[in-house]
Amino acid sequence: MTSYASTAPFESLFAEGHVYRQAVEKPHGLIVVLGMWLIFGTMALVGIGLLLLGRANVVQNVLAAAILLPISLLMIWKTTRNYLKRPRIEDKVSQSLS
């Protein structure tokens, strides 16, 4: 992110969105996948906690969980799937030798 993105709050949303899209579409390493699991796994746990433990405002908790759970699980699934499907270095080397 540039210094402009860190000082302009609206533009920082676009910069963060770009970082998340890059992490989901092309995870370059296991650390990226683990980071996405940490960020969005926490979000999924909060959604589950809202469903199970929130007794005061049931409708609000269900609505919040309906937003948090699908988004977080989708981000985790896509990042992990794209990481596992990416070509390995060994595959690239064997293709270039043949």
Side-chain angles (χ1 to χ4, degrees):
M1 294 191 337
T2 66
S3 60
Y4 180 72
S6 65
T7 58
F10 186 68
E11 286 79 5
S12 70
L13 293 174
F14 293 120
E16 286 181 35
H18 178 72
V19 169
Y20 288 137
R21 273 190 307 279
Q22 288 295 105
V24 169
E25 292 172 3
K26 300 176 212 166
H28 294 291
L30 184 60
I31 191 73
V32 174
V33 177
L34 293 176
M36 293 297 279
W37 271 87
L38 182 66
I39 293 168
F40 290 99
T42 306
M43 188 185 298
L45 289 176
V46 167
I48 292 169
L50 284 173
L51 284 177
L52 298 178
L53 301 175
R55 305 278 186 235
N57 298 323
V58 176
V59 174
Q60 290 176 350
N61 290 341
V62 169
L63 288 175
I67 293 170
L68 289 176
L69 277 174
I71 291 172
S72 59
L73 295 177
L74 183 70
M75 295 290 278
I76 290 170
W77 175 70
K78 280 188 165 188
T79 305
T80 306
R81 182 195 64 184
N82 289 338
Y83 177 73
L84 294 175
K85 281 188 168 183
R86 71 183 172 87
R88 302 283 186 248
I89 294 173
E90 298 86 22
D91 296 340
K92 290 179 185 177
V93 170
S94 65
Q95 287 176 357
S96 65
L97 292 176
S98 56

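This is a predicted model, so every value here is computed, not measured.
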Student: Specify the closest pair of heavy atoms between F14 and R21, including all atoms of both residues, with the distance to one decimal.
Tutor: O-NH2, 4.5 Å

Student: List, one per line, each side-chain donor-acceptor pair under 3.5 Å for residues 22-34, sequence neighbours excluded.
Tutor:
none

Student: Please identify each residue that fulfils side chain to side chain contact (heavy atoms under 4.5 Å, CB included) with L53, with sequence neighbours left out.
Tutor: none

Student: Considering residues at least two apart in sequence or located in another chain, which fulfil the side chain to side chain donor-acceptor pair (under 3.5 Å) criterion with N57?
Tutor: Q60

Student: Going hydrophobic residue to hydrophobic residue with side-chain gaps under 4.5 angstrom, can you get from I71 over to L74?
Tutor: no

Student: Tracing side-chain links under 4.5 Å among I, L, V, M, F, W and Y, which residues wind up in one group with L63?
Tutor: V59

Student: Taking atom CG of L73 and atom CD1 of I48, what is their separation to the nearest 0.5 Å?
Tutor: 7.0 Å

Student: Tell me whether T79 contacts the main-chain N or O of I76 through its side chain, where contact means a donor paired with an acceptor under 3.5 Å.
Tutor: no

Student: List the residues meeting side chain to side chain donor-acceptor pair (under 3.5 Å) with W37, not counting sequence neighbours, and say none if there are none.
Tutor: T80

Student: Could you list the donor-acceptor pairs under 3.5 angstrom formed between side-chain atoms of residues 38-47 and any protein atom two or more places apart in sequence or on another chain?
Tutor:
{"unit_1": "T42", "atom_1": "OG1", "unit_2": "L38", "atom_2": "O", "d": "2.6"}

